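Comments concern the structure below.
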Amino acid sequence: MKITRREADHAARLARLALTEEEAEKTTEQLDKILEYVAKLSELDTKDVEPTSHVIPVSNVMRDDVARPSLPRVEALANAPDSDGEFFRVPKIIE
Amino acid sequence: MNAGSKYEAVIGLEVHAQLLTESKNFCGCANRFGAPPNTQTCPVCLGLPGVLPVLNRKAVEYIVKTGLAFHSKIAPESRFARKNYFYPDLPKGYQISQYESPVCEGGRVEIVVDGEVRNVLLHRIHLEEDAGKNIHEGSADVSRVDLNRAGVPLMEIVSEPELRTPEEAVAYLKKVRNTLRYLNVCDGNMEEGSFRCDANVSIRPAGSDALGTKAEIKNVNSFRFVKQAIACEVERQIAVVEEGGRVVQETRLFDSARGVTVSMRSKEEAHDYRYFPEPDLVPLVLDRAQVEAWARELPELPDAKRERFAREYGLSEYDAAFLSEERAAADYFEETVRLSGQPKAAANWIMGDLTRFLNEAGGEIAASPVTPERLAGMLDLVENGTISGKIAKAVFEEMFKSGKDAAGVVKEKGLVQVSDAGEIERVVEQVLADNPNELAAYRGGKEKLFGFFVGQVMKKSGGKANPAKVNEILKAKLQPPG
């Protein structure tokens with residue numbers, strides 16, 4: 001398994017990371033090593049193992065459908081880089 | 001389709017239905033439309049660090065009931081997954097959805113188009129969460145974000161690409177919406193966005209089994225727009241192919257003002273969602289007893305109701321379908337029948353005058369000023385001969401406008417039907433005396449004039465004369481004397 005620069009660029013774009021040329025090269029190399037390391041797992045025979053999505057044997061953790069008070073708006077907006085006191089404000093989304 | 005029958009359309013629909021829960025899907029914030037912006041959020045739905053989502057039990061019940069209503073297979077075990085993408089209305093950077101193991105698989109929706117019954121197969125129904133709302137208007141350089149909707153339980157109902165025409169697509173959507181409303185799991189409000197639809201559209205040579213490249217048309221939010229958007233997208237794709245081009249896979253937006261679909265380039269790269277199992281939510285295991293208990297709670301659904309209306313009340317197939325389509329109309333009809341014992345008359349009035357007045361006034365049948373009690377009261381007056389069917393029209397209109405009951409309107413306007421033979425005879429004699437030429441013509445063999453005399457008598461009585469009595473008395477009086 002070899003990660004190409006193209007794949008690394010694609011992953012960076014999906015993660016909204018603007019990598020410099022140097023970072024991109026380094027990331028490609030590191031990703032490749034990580035995947036190679038993880039690929040060791042495929043050496044195991046998993047023929048009789050159920051695919052695992054969760055490691056703890058717990059299911060059905062649910063809550064009753066009851067509405068509880070929400071945060072005051074001022075707190076909800078407190079961590080936002082920008083707001084107008086009512087809405088979060090973000091750079092214009094262009095469709 | 002412009003290019004004739006050379007091509008056929010292949011349409012698959014994705015319906016997003018917000019569930020009618022009290023609280024959001026994974027936190028206790030209220031699930032309510034129309035609250036002031038950003039007043040229904042908490043650390044969970046804001047995607048703050050260190051929080052854990054906990055699944056809403058009611059949302060599970062609602063999606064299972066929906067699956068049962070559409071004959072889906074309810075998965076004994078299902079899982080949640082993260083769908084990763086960046087958008088300002090998605091604070092966590094991922095949407096909690098389902099990928100490999102949805103709650104419901106398969107299923108079918110019965111539709112009727114041009115009198116033909118068809119079963120449209122479903123692919124799956126899964127549970128996820130809604131995103132917030134972006135507002136683009138009002139400023140050239142910022143968009144505003146309201147996260148009240150973020151985390152609201154959303155059910156996605158995905159059909160197989162089995163629909164062939166815009167008409168079928170609309171019939172399917174209506175049936176899905178009505179069924180959800182029967183189940184009371186979604187209010188189906190397309191204006192407020194609690195019931196939304198994306199359409200996957202492709203074309204192929206007529207009769208072919210291959211699937212062409214599809215375009216996804218986003219958020220077509222009325223039945224009319226769905227029909228228009230699909231029709232013009234099919235035309236567009238045919239034109240592309242006819243000109244020697246190729247349809248590209250993309251997301252398009254329907255511009256209802258111009259009646260065209262336009263490409264949304266911003267969405268193009270977002271299709272790599274990198275789904276993976278949601279580590280914060282444990283698997284959902286549904287036990288059979290619970291599913292069976294929910295199945296027993298299902299109300300009578302539109303198809304069953306339609307069949308019963310036809311069988312039990314002797315309604316025509318068309319009338320039964322019309323009255324069973326919406327639960328509110330079906331309930332109104334049955335309540336009227338229960339009170340009046342007159343199913344056919346009730347059906348005629350509901351489908352005729354009541355529907356017309358409601359459409360004109362833009363009202364819902366459940367809030368009709370003429371209640372089932374009042375309509376039944378009026379039907380009683382017609383049946384016992386107090387008013388004629390013709391007078392009933394005027395009475396109904398007055399009832400609708402004033403909100404009064406039938407007896408009150410009849411009394412107030414002096415509309416009681418005249419059945420007294422003596423009184424009708426006097427009017428008949430007067431009419432015959434006033435129209436000697438017609439009388440002579442009738443007696444000379446022009447029997448068609450009978451209708452003319454009926455009309456004159458009714459007119460003279462102000463519409464109040466009992467028509468059956470008028471006929472009887474006129475027949476006798478029109479005989480040549482001696």
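Below, chains carry the letters A, B, ... as their sequence lines are ordered, and counting in each starts from 1. These numbers come from a predicted model, not from an experiment. Because only heavy atoms are used, hydrogens play no part in the values below, and waters and symmetry mates are left out as well, while side chains stay in.
For B:Glu77, no part lies under 4.5 angstrom from a heavy atom of chain A. Residue B:Cys45: no heavy atom, backbone or side chain, is found under 4.5 Å from chain A. Heavy atoms of B:Val60 lying under 4.5 Å from chain A belong exclusively to its side chain. Only the backbone of B:Asn25 comes within contact range of chain A, judged by heavy atoms closer than 4.5 Å. Both the backbone and the side chain of B:Arg144 come within contact range of chain A, with heavy atoms under 4.5 Å apart. With a threshold of 4.5 angstrom between heavy atoms, A:Val66 approaches chain B through N, CA, C or O but not through any side-chain atom. Heavy-atom distances place both the backbone and the side chain of B:Pro36 under 4.5 Å from chain A. Using a 4.5 Å cut-off between heavy atoms, B:Phe26 contacts chain A through its backbone alone, with no side-chain atom that close. Neither the backbone nor the side chain of B:Ala81 comes within contact range of chain A; no heavy atoms are under 4.5 Å apart. At a 4.5 Å heavy-atom cutoff, the contact between B:Leu284 and chain A is made by backbone and side-chain atoms alike. B:Pro279 touches chain A through its backbone: at least one of N, CA, C or O sits under 4.5 Å from a heavy atom, while the side chain does not.
Atom NZ of B:Lys83 sits in a crowded spot, with more than 12 heavy atoms from other residues, nucleotides or ligands closer than 6.0 Å. No more than 12 heavy-atom neighbours from other residues, nucleotides or ligands sit within 6.0 angstrom of CD on A:Glu22. When the shell of 6.0 Å around CD of A:Glu29 is examined, it contains 12 or fewer heavy atoms from other residues, nucleotides or ligands. No more than 12 heavy atoms of other residues, nucleotides or ligands lie within 6.0 Å of CD in B:Glu22, so this atom counts as exposed by the packing criterion. No more than 12 heavy atoms of other residues, nucleotides or ligands shown are found within 6.0 angstrom of OH on B:Tyr99. Within 6.0 Å of the CD atom in A:Glu23, the count of heavy atoms belonging to other residues, nucleotides or ligands exceeds 12.
Between B:Val142 and A:Val90, the closest side-chain pair of non-hydrogen atoms is not below 4.5 Å. Taking the side chain as every heavy atom from C-beta outward, B:Asp89 and A:Ile93 never approach each other to under 4.5 Å. Residues B:Cys42 and A:Arg68 have side chains not in contact (no heavy-atom distance under 4.5 Å, counting atoms from C-beta outward). Between A:Leu71 and B:Pro43, the closest side-chain pair of non-hydrogen atoms falls below 4.5 Å. Contact annotation: the side chain of A:Asp65 never approaches that of B:Glu61 to less than 4.5 Å [non-hydrogen atoms, C-beta and beyond].
Between B:Phe86 and A:Leu14, the shortest heavy-atom contact is CE1-O, 3.2 Å. Of all heavy-atom pairs spanning A:Asp64 and B:Arg57, the tightest one is OD1-NE, 2.8 Å. In this structure, A:Ser70 and B:Cys29 approach most closely via the heavy-atom pair OG-SG, 3.1 Å.
Interatomic distance, B:Thr41 OG1 to A:Leu77 CG, rounded to the nearest 0.5 Å: 7.5 Å. Atom OG1 of B:Thr39 sits about 10.0 Å away from atom CD of A:Glu86, to the nearest 0.5 Å. Here A:Asn79 contributes atom CG and B:Leu48 contributes atom CG; the two are 6.5 Å apart, rounded to the nearest 0.5 Å.
Each of B:Gly93, B:Pro37, B:Pro277 has some count of heavy-atom pairs under 4.5 Å with chain A, and the biggest count is that of B:Pro37.
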Using salt bridge (Lys or Arg N to Asp or Glu O under 4.0 Å), reason through A:Lys92 and B:Asp141 one step at a time and then give a plain yes or no.
CA-CA 5 Å; A:Lys92 184 81 173 177; B:Asp141 29 64; over 6 Å; no

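Of the options B:Asn134, B:Val145, B:Ile135, a side chain to side chain contact (heavy atoms under 4.5 Å, CB included) to A:Phe87 is made by B:Ile135 and by none of the others.
A side-chain N or O of B:Ser23 and one of A:Arg63 form a donor-acceptor pair less than 3.5 Å apart.
Of the possible polar contacts, none joining the A:His54 side chain to the B:Asp280 backbone as a donor-acceptor pair under 3.5 Å is found.
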